[in-house]
Amino acid sequence: MKILLVWPGKTRNVNYRTLQGEYLEKIKPLAQVSLIETPEARGLEEKWADKILEKEARGLEKYAEDGYIICLSDTGKELNSKEFADLIELRGMNQGCQLVFLVGGFLGLAPRIMEKANLKLSLSRMTFSHELARTVLLEQIYRALSLIKGYAYPK
């Protein structure tokens with residue numbers, strides 16, 4: 001199974017970055033996983049939201065072409081861990097699709113990127129920073145793969 005994670009910019013918070021690295025290492029024995037950090041919009045204030053989203057979309061769009069595209073969105077579908085594992089098993093293992101997770105920057109994803117989604121996924125009804133959302137996504141992917149493989153999730 002192939003999993004591709006794509007998001008703009010590097011995670012700046014060293015604690016989140018460390019956790020992300022740990023989860024990527026835990027995922028590697030369970031699935032072929034790649035992380036791509038595309039250019040982020042720097043030097044623009046939030047009042048230029050359209051320009052920020054457009055610049056980040058240019059880096060993300062080429063990865064939104066092949067595979068089963070899952071865009072993180074606060075208005076997306078909520079799944080529990082078992083449902084998420086079932087989705088990964090169905091799309092990634094049974095159907096052989098590459099799973100492509102697109103995670104936006106602090107403003108989310110541009111509408112034209114969201115339109116390419118096979119699934120818009122919400123991690124919670126609560127709002128997380130984009131850096132924390134990245135970490136939570138990786139943990140949930142690891143949890144799902146552990147469930148699929150029948151492993152007890154380590155405490």
Side-chain angles (χ1 to χ4, degrees), residues 1-13 15-28 30-42 44 46 49-93 95 97-148:
M1 174 188 333
K2 292 182 181 179
I3 298 173
L4 177 62
L5 300 127
V6 187
W7 56 61
K10 296 190 180 300
T11 301
R12 289 189 181 89
N13 181 302
N15 296 314
Y16 293 151
R17 194 170 54 243
T18 299
L19 276 172
Q20 290 168 12
E22 288 176 14
Y23 281 114
L24 282 168
E25 289 305 311
K26 289 179 178 184
I27 292 168
K28 284 180 182 177
L30 305 173
Q32 184 179 340
V33 62
S34 300
L35 169 62
I36 297 174
E37 296 167 322
T38 61
E40 70 178 317
R42 290 180 172 235
L44 295 173
E46 194 168 337
D50 290 343
K51 288 184 180 189
I52 292 169
L53 289 172
E54 178 55 32
K55 182 174 182 179
E56 292 179 350
R58 285 193 300 268
L60 297 169
E61 65 190 340
K62 69 180 175 182
Y63 301 102
E65 300 299 327
D66 295 320
Y68 188 81
I69 310 301
I70 302 170
C71 291
L72 262 56
S73 171
D74 58 354
T75 62
K77 183 175 182 173
E78 290 183 45
L79 301 174
N80 65 35
S81 295
K82 175 69 168 97
E83 292 166 336
F84 187 56
D86 290 345
L87 171 81
I88 287 176
E89 186 172 31
L90 173 67
R91 299 295 180 181
M93 294 180 123
Q95 295 179 353
C97 296
Q98 172 175 249
L99 301 176
V100 180
F101 290 89
L102 300 176
V103 183
F106 76 98
L107 291 174
L109 293 165
R112 69 186 175 95
I113 298 296
M114 293 297 289
E115 289 171 6
K116 297 176 182 274
N118 295 104
L119 173 68
K120 294 172 186 147
L121 177 68
S122 173
L123 296 175
S124 171
R125 290 187 300 181
M126 294 181 181
T127 302
F128 298 127
S129 73
H130 64 288
E131 291 191 340
L132 179 57
R134 296 169 178 182
T135 308
V136 171
L137 175 62
L138 284 165
E139 189 278 337
Q140 285 299 302
I141 292 171
Y142 173 61
R143 181 178 296 271
L145 292 170
S146 295
L147 284 169
I148 292 166

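This structure is a prediction, so every number in the text was calculated from the model and none was measured.
- Side chains of Gln20 and Thr135: a donor on one and an acceptor on the other come within 3.5 Å.
- Classification of Arg112 and Glu54 as a salt-bridged pair holds, one side-chain N sitting under 4.0 Å from a carboxylate O.
- Considering only heavy atoms from C-beta on, Lys120 stays 4.5 Å or farther from Thr75 through its side chain.
- Remark: Cys97 SG to Ile88 CD1 distance equals 12.5 Å, nearest 0.5 Å.
- In this structure, Arg91 and Gln95 approach most closely via the heavy-atom pair NH1-OE1, 3.0 Å.
- For the residue pair Ser73 and Met114, the shortest heavy atom distance occurs at CB-CE, 3.3 Å.
- Looking only at side-chain heavy atoms (C-beta outward), Ile141 and Phe101 come within less than 4.5 Å of each other.
- The side-chain heavy atoms of Leu147 and Phe84, taken from C-beta on, include no pair separated by under 4.5 Å.
- Looking at every heavy atom in both residues, Ala110 comes nearest to Ala57 through CB-CB, 3.8 Å.
- Residue Leu102 holds its CG atom at 10.0 Å from NZ of Lys116, rounded to the nearest 0.5 Å.
- To the nearest 0.5 Å, atoms OG (Ser124) and CD (Glu78) are separated by 6.0 Å.
- Counting all heavy atoms, side chain and backbone alike, Ala85 lies closest to Ile148 at O-CD1, 3.4 Å.
- Within the 4.5 Å cutoff, side-chain heavy atoms of Leu4 are placed close to those of Tyr63.
- Here the OH-CG distance, from Tyr142 to Leu24, works out to 12.5 Å after rounding to the nearest 0.5 Å.
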Carefully, step by step, assess Lys77 and Leu119 under the rule side chain to side chain contact (heavy atoms under 4.5 Å, CB included). CA-CA 8 Å; Lys77 183 175 182 173; Leu119 173 68; 4.2 Å; yes
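- Counting heavy atoms from C-beta on, the side chains of Thr38 and Trp7 never come closer than 4.5 Å.
- Contact annotation: the side chain of Glu56 approaches that of Glu40 to within less than 4.5 Å [non-hydrogen atoms, C-beta and beyond].
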List the steps and the verdict of side chain to side chain contact (heavy atoms under 4.5 Å, CB included) for Val136 and Leu132. CA-CA 6 Å; Val136 171; Leu132 179 57; 4.1 Å; yes
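- In this structure, Glu131 contributes its side chain and Asn13 its backbone to a donor-acceptor pair below 3.5 Å.
- Taken to the nearest 0.5 Å, the OG atom of Ser34 stands 11.0 Å off from the CD1 atom of Ile27.
- Side-chain contact check for Met1 versus Ile3: some heavy-atom pair is nearer than 4.5 Å.
- Across all non-hydrogen atoms, the minimal contact from Ala117 to Cys71 is CB-SG, 3.6 Å.
- Inter-residue side-chain proximity for Tyr16 and Ser129 is flagged as met; some heavy-atom pair is nearer than 4.5 Å.
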Decide yes or no on side chain to side chain contact (heavy atoms under 4.5 Å, CB included) for Leu5 and Leu138, but give the supporting numbers first. CA-CA 9 Å; Leu5 300 127; Leu138 284 165; 3.7 Å; yes
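- No salt bridge links Lys26 with Glu22; every basic N to acidic carboxylate O contact stays at or beyond 4.0 Å.
- Interatomic distance, CG of Leu109 versus CG of Leu72, reported as 8.0 Å (0.5 Å rounding).
- Glu37 approaches Lys10 most closely through the heavy-atom pair OE1-NZ, 3.1 Å.
- For the side-chain contact (heavy atoms from CB on, under 4.5 Å) criterion with Ile70, the lone passing option out of Val100, Leu87, Asn118 is Leu87.
- A side-chain N or O of Gln140 and one of Ser81 form a donor-acceptor pair less than 3.5 Å apart.
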